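Everything below concerns the one structure shown next.
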Amino acid sequence: MTLLLLMGLVPLSLLLWVLHAPFAILFTVTGMAILPLAYLMGLSTEELGKHVGPGLGGLLNASFGNATEIIIAIAALRAGLLRLVQASITGSIIGNILLILGLSMFAGGLRYRKQSFERKAATTRSTMLALATIGLVVPSLLVISSPEAVLPETIRSMSIWISVLLLVAYGGGLLFSLHTHRHIFNPRGEEEEPEWSKGFAVLVLSLATAVVAVLSEVLIEAVEASIDELGLNELFLGVVVIAVIGNAAEHSSAVMLAWRNKMNLSVGIAASSSAQIALFAAPFLVFASLLIGNPMTLAFELFELIAIGLSVAVVSAVANDGESNWFEGLMLLIVYAIVAVGFFFLP
Amino acid sequence: MTLLLLMGLVPLSLLLWVLHAPFAILFTVTGMAILPLAYLMGLSTEELGKHVGPGLGGLLNASFGNATEIIIAIAALRAGLLRLVQASITGSIIGNILLILGLSMFAGGLRYRKQSFERKAATTRSTMLALATIGLVVPSLLVISSPEAVLPETIRSMSIWISVLLLVAYGGGLLFSLHTHRHIFNPRGEEEEPEWSKGFAVLVLSLATAVVAVLSEVLIEAVEASIDELGLNELFLGVVVIAVIGNAAEHSSAVMLAWRNKMNLSVGIAASSSAQIALFAAPFLVFASLLIGNPMTLAFELFELIAIGLSVAVVSAVANDGESNWFEGLMLLIVYAIVAVGFFFLP
Amino acid sequence: MTLLLLMGLVPLSLLLWVLHAPFAILFTVTGMAILPLAYLMGLSTEELGKHVGPGLGGLLNASFGNATEIIIAIAALRAGLLRLVQASITGSIIGNILLILGLSMFAGGLRYRKQSFERKAATTRSTMLALATIGLVVPSLLVISSPEAVLPETIRSMSIWISVLLLVAYGGGLLFSLHTHRHIFNPRGEEEEPEWSKGFAVLVLSLATAVVAVLSEVLIEAVEASIDELGLNELFLGVVVIAVIGNAAEHSSAVMLAWRNKMNLSVGIAASSSAQIALFAAPFLVFASLLIGNPMTLAFELFELIAIGLSVAVVSAVANDGESNWFEGLMLLIVYAIVAVGFFFLP
């Protein structure tokens, strides 16, 4: 019901866009119009996931949530909003591991005193994230430690080399989780009977993805105008607002799964989604930006690095024992809130 | 015997204060006079703890040790010694997790080859500490990264927002450890028969706390004069000297408990004391400082942040397996010594 | 066969040195001439290790690998190449925990789906490394945070104090691993029958060590000339090139052992070698440099600190569960590659 109501925002958003409505309204409506589609994507991915098992299902969930983000990012790259793209990468990594995982553990913990998940799968993901963090730290540190001594070309070629290394790690991770050690990521016992047929799930998924792609273009146009005219903080917009909208699909499905005590799937979505952003989307966008002609590097701001690094550290502490409870969820949410306060006040 | 001897320092301290004795002597005598009272507080809290079980007992221990510190801090805030208060917060966090835990593990490890404690309780505490560290990193980083671009009001409102979030985390932690998951913090098997009655323990505790409060005022006066006249390093005084005196109660009782192989209680004191300083005392003092009219923020110095961050990382590595030995204790003590050397030489 | 062929490079290196050959050729030939000797040292240490058990065997392996490095470092100190020595300390720590451990886990993981090792031994080593990292962070941070306010003598006395503390930790670690808790480091079941007699192993080890010492002198002379004449990056040379040559012995034996599924020995070599560099070689070189008259401090560059800190964090995440697989090895190798890219581009 709410779903259908919210779906009505899709034509409204396009109408407002055609009518050149004020940007604040266009932005709000478009952002909200993406949410039901993200929910549909989550639902259809979950159905599809039931046909293929939790490991591959988690990857599917992550891919289609991240497809949205990559499309939004490409629109932003074309508009030259390089900082916004970097900020939305930061925000997606942090949002997945703090907000999604936090909400899932908190919601699940309200119903179950203790929830368990496969330790080894979670720690492998958090090591992948730590690796990706190092990939972002290295070029950023070079810029931060000697801003005037480093040539832009140096940062650019460094970013390309590191992007290649991150993609190798990503490829290795796929081989590991889908082939050589898939038993870790695909344990027995949490499978559910699918309610949709495979074909119907694919159809809904494709349609929702296509509409999200169109709305993303409208969204970025509204964001661009807001920055120009209202002087909004590009970093905060990217880290918090864009990243939350872009990850709404994972949010809804991960929390739903935690509520039904399917913690392996829930943690799998949050962890593999953030690892995929860091190891696949970030280097992919570095190469895409070269083709588009607005080259983006992996040199992030100090505050972004610290926020990512601390989030990865907190999440590996929490995930390390393969158990969760409501208070661990609450702690992740509070860390997210603290970091969001930081980005809000950043000059 | 030594106890009674040291108790004689209490009237001596007050006498010296009335007679306007040289500050170095006043400081030393007052600091030493607090120690036997801290020991009495430790003893009576331990007795009281036996009536209520290890989880709540650990909290009691921590609260009454920290009551002293908060009173010292309020005296210092009134005297305008904001840096000293921040430094004593840093020193208490570091001191609890490195010095107290290190001494406990070292002393206990001399008698027992291996000592065990409840893993989940220790890691929950260390995650709370990591969260609090992030709460300190965010405002500090803003000041460090762009000292002139950030307005004092921005830092102030940021500190207030983050203080609220830290208090929410603290409240959640109390609910978790005393209500929903108290079985983790209150395991069977380490209870001892109390030797004092509940009423006598409360009486001793109250008296000792009151006298400590009076002596704290004298102590701060002596510290203030030493800084003004002798040009001592405010940061080193706060981090090492004040924090050690303020935490002497926890020191003595935690080490005593480890010596008697009650590691759950011992680790509980050190871990919950440092978590309480970070999540309760620090935000409490931010609000208290507003009322007093000398507003303190959560913007700490870079070296303090790094020291807290590294201490939390080392302690979670050590606590992570629920076992300790003398060498783990020694390593914590050496890390404390290295950090103290740093604060000593800091310009 | 390859061994004998490469051994021919030893006289060739000395000949080139006498003939004043171009430095690039002299450097390459000498570097390669050290490799077979390092292999021989590895082999004879391994044989000797079989006579004394894995714990002491791991220490032996590490000591003789590090004897080489200390001799190279002393030659460099005499030549006044202080940055090169610091960089080779950084490179040895990083190289041992990322490159050697990574290669071992990767190679071993190609043959075995999962390899196990003694958790407690590995985590004790990684805590020792974290402690040593803090010992390097403290003086460096002082220099970084206020470069002009800190006097060189302050850094020097601070480095000496911290060196003493690191040596105490090292001594404690020896007492712990060889005496009070040797059962952790010397578990049953991986012993092999020695193929060489104890005497023969000692003889080969001594000869190889002596020849490596002579070649190290030649190597440093070539390095010095390359920096002067070719303007090569001293940091990159030290961190990557010198450190790889200096650790070739541990490389070959650790990887061989992992290939034969003796993960306790393999992890023991990598972990104790890096801990020994950080806790013994670094403070030893601080004192040696005072005698030589070119005082070296423990103040490293920011990028070195971050690289060491992140490597230690990643490796404790990987070692934490006492299991390894090919993908964990690959991730360590990729982190090494990312860090090497950073040092290559550093201005």
Side-chain angles (χ1 to χ4, degrees), chain A residues 119-120 123-124 126-142 144-146 148-151 153-177 179-181 183-184 279 298 305 309 312-313 316-317 319-322, chain C residues 94 98 102 105-106 109-116 119 123 130 140 143-144 147 233 235 300-347:
Chain A
R119 249 186 109 265
K120 190 71 182 177
T123 55
T124 301
S126 68
T127 310
M128 288 170 81
L129 275 172
L131 181 158
T133 308
I134 295 172
L136 304 182
V137 164
V138 166
S140 313
L141 210 61
L142 215 69
I144 292 164
S145 61
S146 42
E148 66 295 315
V150 181
L151 299 171
E153 299 93 79
T154 307
I155 299 301
R156 224 128 67 198
S157 37
M158 211 172 175
S159 297
I160 291 169
W161 277 105
I162 290 172
S163 295
V164 171
L165 290 168
L166 294 178
L167 289 174
V168 172
Y170 183 67
L174 287 183
L175 197 64
F176 182 74
S177 62
H179 185 62
T180 69
H181 287 63
H183 60 289
I184 298 177
L279 293 175
L298 293 179
L305 289 183
V312 172
S316 36
N320 190 41
D321 61 358
Chain C
I94 295 173
L98 296 178
M105 287 182 171
F106 185 73
L110 292 180
R111 285 184 73 184
Y112 304 92
R113 168 176 283 196
K114 187 167 94 177
Q115 296 187 296
S116 300
R119 248 184 110 266
T123 55
S140 313
V143 179
I144 292 164
N233 178 342
L235 201 58
F300 284 62
E301 299 218 346
L302 180 60
F303 192 78
E304 290 177 281
L305 290 183
I306 303 274
I308 295 176
L310 292 174
S311 308
V312 172
V314 168
V315 98
S316 35
V318 165
N320 191 42
D321 61 356
E323 288 177 11
S324 68
N325 55 54
W326 69 267
F327 184 54
E328 293 191 341
L330 179 67
M331 287 198 284
L332 293 179
L333 293 174
I334 289 175
V335 172
Y336 184 76
I338 291 174
V339 170
V341 167
F343 280 109
F344 184 78
F345 283 108
L346 211 66

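Chain A is the first sequence line, chain B the second, and so forth, proteins listed ahead of strands; every chain is numbered from 1. None of these values were measured; they are calculated from a predicted model.
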Leading residue by heavy atom contact count with chain C [cutoff under 4.5 Å; candidates Leu141(A), Ile162(A), Val137(A)]:
Leu141(A)

Over all atoms of both residues, closest heavy-atom pair of Gly172(A) and Leu330(C)
CA-CD2, 4.1 Å

Yes or no on side chain to side chain contact (heavy atoms under 4.5 Å, CB included) for Phe327(C) and Met128(A), after CA distance, side-chain angles and deciding distance?
CA-CA 10 Å; Phe327(C) 184 54; Met128(A) 288 170 81; 3.8 Å; yes

Tell me the closest heavy-atom pair linking Ile338(C) and Ile134(A), and the distance in Å.
CG2-O, 4.0 Å

Engaged part of Thr127(A) at the chain C interface, taking heavy atoms whose separation is under 4.5 Å
both

Any idea which heavy atoms bring Val138(A) and Gly342(C) closest together, and the distance?
CG1-CA, 3.5 Å

If I compare all heavy atoms of Val314(C) with all of Ala130(A), which pair ends up nearest, and what's the gap?
CG2-CB, 4.2 Å

Most chain A-contacting option - heavy-atom pairs closer than 4.5 Å, from Ile334(C), Leu302(C), Val341(C), Leu332(C):
Ile334(C)

Per-residue tally against chain C (heavy atom, under 4.5 Å) across Ala169(A), Ala132(A), Ser126(A) peaks at Ala169(A)

For the candidates Leu333(C), Ile306(C), Val339(C), Asn325(C), which exhibits the highest count of non-hydrogen atom pairs separated by less than 4.5 Å from chain A?
Asn325(C)

Correct closest heavy-atom pair for Thr124(A) and Met331(C) would be O-CE, 4.2 Å

Which region of Glu323(C), side chain (C-beta onward) or backbone (N, CA, C, O), has a non-hydrogen atom less than 4.5 Å from a non-hydrogen atom of chain A, or is it both or neither?
both

Mind listing the closest non-hydrogen atom pair of Phe345(C) and Ser157(A) along with its distance?
CE2-OG, 3.8 Å

